[in-house]
*Asks:* 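This is the structure I have questions about; it appears just below.
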Amino acid sequence: MKIFRTAREMRAWSRAQRAAGKSIGFVPTMGALHEGHASLMRAASERDDVSVISIFVNPAQFAPNEDLDQYPRTWAADLALAERTGIDAIYAPTASGMYARDYSTFVLVGGVSEGLCGASRPHFFRGVATVVTKLFNAVEPDHAYFGLKDAQQCAVIQRMVRDLDMGTEIVPMPLIREEDGLALSSRNKYLSPEERKRALCISRSLFEARAMLEAGERDAAVIKEAVRDGMSPTDIDYVEVVDAASMRPVDEIRGPVFVAVAANVGVTRLIDNILFEPESPKS
Ligand code: PAF
């Protein structure tokens with residue numbers, strides 16, 4: 001497995017692969033890899049001829065009061081997992097290599113980035129879109145795999161790729177859960193045993209929402225109220241029912257929607273969602 005530290009080295013390798021007729025699959029990550037990342041890495045290494053992950057804790061997507069310094073860094077375990085899932089190369093730039101001291105270019109994606117996490121963390125999607133653009137410029141991937149736990153992030157990147165005519169196809173991948181329902185996240189490492197137990201009310205509430213939707217409930221307000229009730233042991237940031245393409249809140253469920261939530265459990269911010277696609281959308 002190759003490890004590259006600069007965009008120039010990364011790009012040279014990618015271009016050599018493309019010249020040899022190989023497709024490149026890419027999984028951008030901030031490290032602290034778990035089974036959710038492993039599912040993306042396996043998809044990239046199975047579906048593409050060569051596969052690359054990036055490991056870079058991106059300062060541009062953290063506000064000054066957030067957990068940039070505490071964000072888990074588990075380099076040795078990450079390498080071992082990447083190797084086991086068949087990854088061919090890791091791009092792991094340094095922060096100073098990514099962002100010069102007078103760095104001043106950012107990518108802003110309107111619309112889809114504005115609600116949900118974009119409303120609570122106004123700096124976040126600008127940092128994500130900027131770093132993903134830079135990573136795509138270094139790796140030049142044919143396919144990039146993004147997990148649907150961060151459904152809004154996936155929508156933001158899809159919109160960016162479409163609007164800026166980028167040549168990478170975004171492949172959304174299913175959210176992965178622990179056996180007891182907790183959505184996999186690098187931030188789960190922060191939870192104490194008591195907090196982890198409390199956090200289970202998040203997925204439980206979403207499963208209850210799914211059951212209500214499957215039973216025919218179509219009023220978003222009713223769904224949101226039930227989820228809010230179920231999540232009361234947490235400090236709720238938002239509970240929303242949004243159109244799966246535009247990420248805009250809906251009042252009545254007629255087409256594919258995400259029921260999306262964010263909450264703090266102790267000091268740990270967790271997000272989760274379910275995707276619901278009604279069988280025959282009402283007109
Ligand atoms: O989802 C993540 O881990 C990050 O937001 C990403 C896409 C790697 C950009 O830093």
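Start at 1 and go down the list; that is how both ligands and their atoms are numbered.
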*Asks:* Is there a donor-acceptor contact under 3.5 Å from the side chain of Glu195 to the main chain of Ser192?
*Replies:* yes

*Asks:* Quick one: look up the protein heavy atom nearest atom 10 (O) of ligand 1 and list residue, atom name and how far away it is.
*Replies:* Gln61 OE1, 2.6 Å

*Asks:* For Val131, counting its heavy atoms only, list the atoms of ligand 1 lying under 4.0 Å from any of them.
*Replies:* 9 (C), 10 (O)

*Asks:* Does Lys134 make a cation-pi contact with Tyr99 (under 6.0 Å, within 45 degrees of the axis)?
*Replies:* yes

*Asks:* Take the angle between the ring planes of Phe4 and Trp13 and call it parallel below 30°, perpendicular above 60°, tilted in between.
*Replies:* tilted

*Asks:* Any idea which atoms of ligand 1 are less than 4.0 Å away from a heavy-atom of Pro28?
*Replies:* 8 (C)

*Asks:* Which of parallel (below 30°), tilted (30 to 60°) and perpendicular (above 60°) describes His34 and His37?
*Replies:* tilted

*Asks:* Counting from 1, what ligand 1 atoms have a heavy atom of Gln153 closer than 4.0 Å?
*Replies:* 1 (O), 2 (C), 4 (C), 5 (O), 7 (C)

*Asks:* Should you measure from each heavy atom of Thr29, which atoms of ligand 1 turn up under 4.0 Å away?
*Replies:* 8 (C)

*Asks:* Kindly indicate, with the supporting measurements, whether the criterion side-chain contact (heavy atoms from CB on, under 4.5 Å) is fulfilled by Ile24 and Glu140.
*Replies:* CA-CA 8 Å; Ile24 301 167; Glu140 298 185 342; 5.6 Å; no

